[in-house]
Amino acid sequence: MKIILNIQRFNPDTDTGPYFQEYGVEADPNERLLDALMRIKRFQDGSLGFRKSCAHGVCGSDAMRINGRDGLACKTLVKDVVEKEGETITVEPLRYLPVQRDLIVDQKPFFTKYRFIKPYLINDEEVEGKERLQSPEERMVFDDTTNCILCAACYSACPVLGEKRGFVGPAAIAQAFRFIADSRDRGRDERLQLLDNKTGVWPCQNHFKCTEACPRSILITKRINQTKELIKKHQR
Amino acid sequence: MIRSTPELEIDILHSRGAKGGSLSTAQNIHQKEIHVIYQFDTVIVGSGGAGLYAALEAGQKSKTAVLSKLYPIRSHTGAAQGGISAALGNVEEDKAEWHAFDTVKGGDYLVDQQAVRILAEEAIQAVYDLENRGLPFNRTPDGRIDQRRFGGHTRNFGEGPVRRACYAADRTGHMILQTLYQQCIKHNVAFFDEYQVIDLLLHGSTCNGVVVVELATGEIHTFVAKAVLFATGGFGRMFRITSNAYASTGDGPAVCARRGIPLEDMEFFQFHPTGIMGLGILITEAVRGEGGVLRNRDGERFMERYSPTLLDLAPRDIVSRAIITELRAGKGIRGDGKIDDYLHLDATGLGKEVLQSKLPDISSFCQTYLGIDPAASPIPVLPTAHYAMGGIPTDVHGRVLGDAKGTIVDGLYAAGECACISVHGANRLGTNSLLDLVVFGRRAGRHIADYVRQADLVMPGKDAADEARARIARLTDGGTGPHGGEITDEMQIVMMEKVGIYRNENDMRAAIAAIQALRERYQHVRVQDTGKSFNTDLLELIELGNMLDLCLVTATSAVARQESRGAHSREDFPDRDDGAWLKHTLAFLEQDAVRLDYKEVDTSIWKPKPRTY
Ligand SMILES: Cc1cc2nc3c(=O)[nH]c(=O)nc-3n(C[C@H](O)[C@H](O)[C@H](O)COP(=O)(O)OP(=O)(O)OC[C@H]3O[C@@H](n4cnc5c(N)ncnc54)[C@H](O)[C@@H]3O)c2cc1C
Ligand code: SF4
Ligand code: FES
């Protein structure tokens, strides 16, 4: 079928601001939106800028706004958008991150916030040449959060970030929870302290937009609320 | 009580991650470009499992930079699903020796056996180390790392399948990549994200740096270093249908080959039996490890006829050939005997709970891309180009070997899928690649840390980046020429059809001619994007050039090898021929020609035997 992609363009070398450009492209309904973007790039306009790598939803490269919803182009089938919303698809870069070119945004602020919550196991206790024990039940407590591919779809979907750009954001909190809830980790208090303030967990107002956007089915809002509870329990 | 609550500093959001390196700039008057020269002890190219592990080791003792064309966390290691092998013996008896033997036999004896001994023995500590660093492995009821079956891994030298694969659901690679990246954050490793290496600098036979394009600015930089490690991953994008990422374009091997480094055993490219039909997205062997079976149009479990002992868990080369044989015999689901017919991977017997807890991503891929629930319907599958056994030749410390005599190229290292040690021989066993990354990434990192302490830095000349600059100037000179899209398509189709699972002389000769013609056309390609910032068009064209070079090397190595071994199956030479061909290929790319040389295989532990399962 023929679809039209209405894509936000911006080249910092030549453009004063972003604008939209329409591309007509043949696409199979079962194809990924990424396939259509690749066809444009390879056969119509090599100057179209976007990131991609794995092409099946596991690397986090191609999060973008598709008809106003944040998601991965490689996990969005053409038919799923077209059947509901018609053959013109609007594609924009993620929100709240500086646009560097076309659909490419600067991910540094997002990663800086990720790094801020100490996203690594904290545990200095000796282990004697073997694994630390952990029961399947203990592992299940944080299982979904280990799915995160740091795509930033949730970040762009979060209404709070529109008003409070300093907010650490959903992914970083979910990742803080990933370690706090890991029975092997000993960094709970330092992470809770990092998040107990006006850029930490408290700006979250449970809009659930992050949870809806997450292509990896992480229960982000629930994990944020659990983190709030942990702060109340251990920090107050 | 006043408590200091650290808040996120927004200023640091825009700081650059280039700490640790010294930096100088030289104005290149002719081209009016800023040429930045960075200086480090160690430069690691690639941030998948191999690169990150090496960075962790080398970074503790030397000034280290990690250059990656992707953000580290986007590397294709993150796509690995099924597991990482180690004879922990957590759920049943297992031995490193059995693991080593399986790997040798799986690789059809084209495996260097002392290297494999190291792989299997160090596997155990490597997996514990990953766990200690935080990797959330699935667990047994008593809290140990759980293990499952995988193709070609057996107990007691082939008696039957053994549970050797340690796993984190079906996202084991994702968890390895995350864990190593997290450790790099903890240890303050310096990353240069979206820096694409386009050339290697050699001073005589000593490596002293790389030339890089920075995606954000389009500037060309030189990184001077005492040691450079290539960990650039695979090159499945040579083929039409592949499980590999867009970024899997073999840049490291191609760059090395153009600088006179040989490439080893490039004719051995693994096709994984179960890619999603038409898309190539991988359905992990763990599905069969957990009990899934392959069926033809009659519902028959046809692997019974091909591998009576291991059945669906035979090594991948064997299963892929069995699938093609079934299709050709009209036993595909459509039954038309065509090569794009397909078979069924039946996971309906596993039950919802196993699929949920052990294979959730697979279930989600099936939902998303096929609209089916694997608990209820079989998965339509076909082989998909998956893994490069060949690559840059190295020793067990990751040092690159420049010829058949084993002469070491000082300061140059390789690890991971782009390297060939060779622990995978003619066919890699599932779960052995992630293991290879960790064991040999770590060994290379350690060796580098020692090496740079005593090595001198050789500053490259002013003209070091000139060749790379000239290549880019040609692609961007504003001239008109073909775009890369068609060339890419044609290359991938030729390789898929003529240098795929079954091969013969005529097809491969035709492929070589076609690749040569495409390389000729490539000399005229031009970018459509004439900008500098974020010119992904330019970088993709450079990647295409790399793949074309590797296609030529692959097809030339393949046509020369007149036998069938592991993943290299010749219709015109159906048998293994140890007398003539128990040797590694070394291919030297010399402009438009490929010169072949050969070197011995280390068979010091097990004498080659016929390979049956
Ligand atoms: C779908 C899939 C599933 C798999 N499952 C398993 C499994 O279950 N078990 C197993 O053992 N193996 C598995 N494998 C194989 C294994 O995952 C890979 O072989 C391995 O991850 C490769 O790791 P690497 O570190 O060598 O390279 P990669 O992880 O591919 O990383 C390459 C790195 O190099 C960088 N790079 C490339 N070119 C350049 C350049 N020019 N300049 C700068 N940087 C560059 C990239 O940015 C990237 O960071 C699987 C492979 C696939 C595709
Ligand atoms: S939590 Fe989900 S949406 Fe957010 S970065 Fe991680 S994977 Fe992406
Ligand atoms: S390209 Fe990797 S997530 Fe879409």
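Values below: all heavy atoms of this structure, side chains included; hydrogens, waters and symmetry mates excluded. Predicted, not measured: the structure shown is a model, and the values here were computed from it. Every chain is numbered from 1, with letters handed out A, B, ... down the list of sequences.
With a 4.5 Å cut-off on non-hydrogen atoms, B/Glu486 touches chain A through its backbone and its side chain both. In this structure, chain A has a heavy atom under 4.5 Å from the backbone of B/Asp142, while its side chain stays farther away. Contacts of B/Thr140 with chain A are made by backbone atoms alone, with heavy-atom separations under 4.5 Å and no side-chain atom involved. Of the two parts of B/Ile73, the backbone and the side chain both hold a non-hydrogen atom closer than 4.5 Å to a non-hydrogen atom of chain A. If you measure heavy-atom distances from B/Pro141 to chain A, the contacts under 4.5 Å come from the backbone alone. Using a 4.5 Å cut-off between heavy atoms, A/Ile122 makes no contact with chain B at all. Interface residue A/Leu150: backbone and side-chain heavy atoms are both found under 4.5 Å from chain B. Contacts between A/Leu34 and chain B at a heavy-atom distance below 4.5 Å involve the side chain alone, from C-beta outward. Using a 4.5 Å cut-off between heavy atoms, B/Leu215 does not touch chain A at all. With a 4.5 Å cut-off on non-hydrogen atoms, B/Asp489 touches chain A through its side chain but not through its backbone.
Chosen from A/Cys59, A/Ser135, A/Cys148, A/Ser53, the residue pairing most often with chain B at heavy-atom distances under 4.5 Å is A/Ser53. Listed options B/Ile281, B/Ile124, B/Ile276 were ranked by heavy-atom pairs under 4.5 angstrom with chain A; first place goes to B/Ile281. Ranked by heavy-atom pairs under 4.5 Å with chain B, the list A/Arg42, A/Arg184, A/Met140, A/Lys52 is led by A/Arg184. Of the listed residues B/Ser364, B/Ser75, B/Gly531, B/Pro136, the one with more heavy-atom pairs under 4.5 angstrom with chain A than any other is B/Pro136. The residue among A/Asp143, A/Asp102, A/Asp182 with the most heavy atom pairs within less than 4.5 Å of chain B is A/Asp143. Each of A/Arg216, A/Glu137, A/Glu138, A/Lys118 has some count of heavy-atom pairs under 4.5 Å with chain B, and the biggest count is that of A/Arg216. Between chain B and the residues A/Cys151, A/Ser217, A/Pro119, A/Gly49, the largest count of heavy-atom pairs under 4.5 Å involves A/Pro119. Of the residues considered (B/Arg144, B/Gln183, B/His76), B/Arg144 shows the highest number of contacts with chain A, using heavy-atom pairs under 4.5 Å. When each of B/Asp361, B/Val527, B/Val127 is checked for heavy-atom pairs under 4.5 Å with chain A, B/Asp361 comes out on top. Among B/Ala245, B/Ala247, B/Gly173, B/Ser248, the residue with the largest count of heavy-atom pairs under 4.5 Å with chain A is B/Ala245. For the set A/Tyr120, A/Phe50, A/Phe43, A/Phe142, the count of heavy-atom pairs under 4.5 angstrom toward chain B peaks at A/Tyr120.
Between atom CG of residue A/Asp106 and atom CZ of residue B/Phe534 there is a gap of 7.0 Å, rounded to the nearest 0.5 Å. Here CG of B/Leu279 is found 5.0 Å from CZ of A/Arg32. Values are rounded to the nearest 0.5 Å. Taken from NZ in B/Lys532 to CG in A/Asn11, the straight-line distance is 12.5 Å, to the nearest 0.5 Å. B/Thr536 contributes atom OG1, which lies 7.5 Å from atom CG of A/Leu48 (distance to the nearest 0.5 angstrom). Separation of atoms CD1 (B/Ile145) and NZ (A/Lys130) is listed at 9.5 Å; rounding is to 0.5 Å. Rounded to the nearest 0.5 Å, atoms CZ (B/Arg171) and CG (A/Asn147) are 4.0 Å apart.
Under the 4.5 Å side-chain criterion, counting only non-hydrogen atoms from C-beta, A/Asn30 is not in contact with B/Tyr369. Contact of the A/Arg178 side chain with the B/Gln178 side chain is not registered, since no non-hydrogen atoms from C-beta on lie closer than 4.5 Å. In this structure, the side chains of B/Arg133 and A/Leu121 stay at 4.5 Å or more apart for every pair of heavy atoms. Side-chain atoms of B/Met175 and A/Thr146, non-hydrogen and from C-beta on, do get closer than 4.5 Å to each other.
A 6.0 Å sphere centred on CD of A/Glu125 holds more than 12 heavy atoms belonging to other residues, nucleotides or ligands. Within 6.0 Å of atom CD in A/Glu190, more than 12 heavy atoms from other residues, nucleotides or ligands are found, so the atom counts as buried in its surroundings.
Ion pairing between a basic and an acidic side chain is recognised when a charged N comes within 4.0 Å of a carboxylate O; B/Arg74 and A/Asp62 show no such pairing. A salt bridge does not link B/Asp529 with A/Lys41: every distance from a Lys NZ or Arg NE/NH1/NH2 to an Asp or Glu carboxylate oxygen is 4.0 Å or more. Contact check on B/Glu194 versus A/Arg51 returns a salt bridge, with a Lys/Arg side-chain nitrogen under 4.0 Å from an Asp/Glu carboxylate oxygen. For the pair B/Arg139 and A/Glu131, the salt-bridge criterion is not met [side-chain N within less than 4.0 Å of a carboxylate O].
Using cut-offs of 30° and 60° for the angle between ring planes, the A/Phe111 and B/Tyr71 rings count as parallel. Note: B/Tyr181 and A/Tyr114 have parallel aromatic rings, judged against thresholds of 30 and 60 degrees for the angle between ring planes.
Judged purely by atom type and a 3.5 angstrom limit, A/Arg139 uses its side chain to pair as donor or acceptor with the backbone of B/Phe137. Formation of a donor-acceptor pair under 3.5 Å by the A/His56 side chain with backbone atoms of B/Ser243 is not found in this model.
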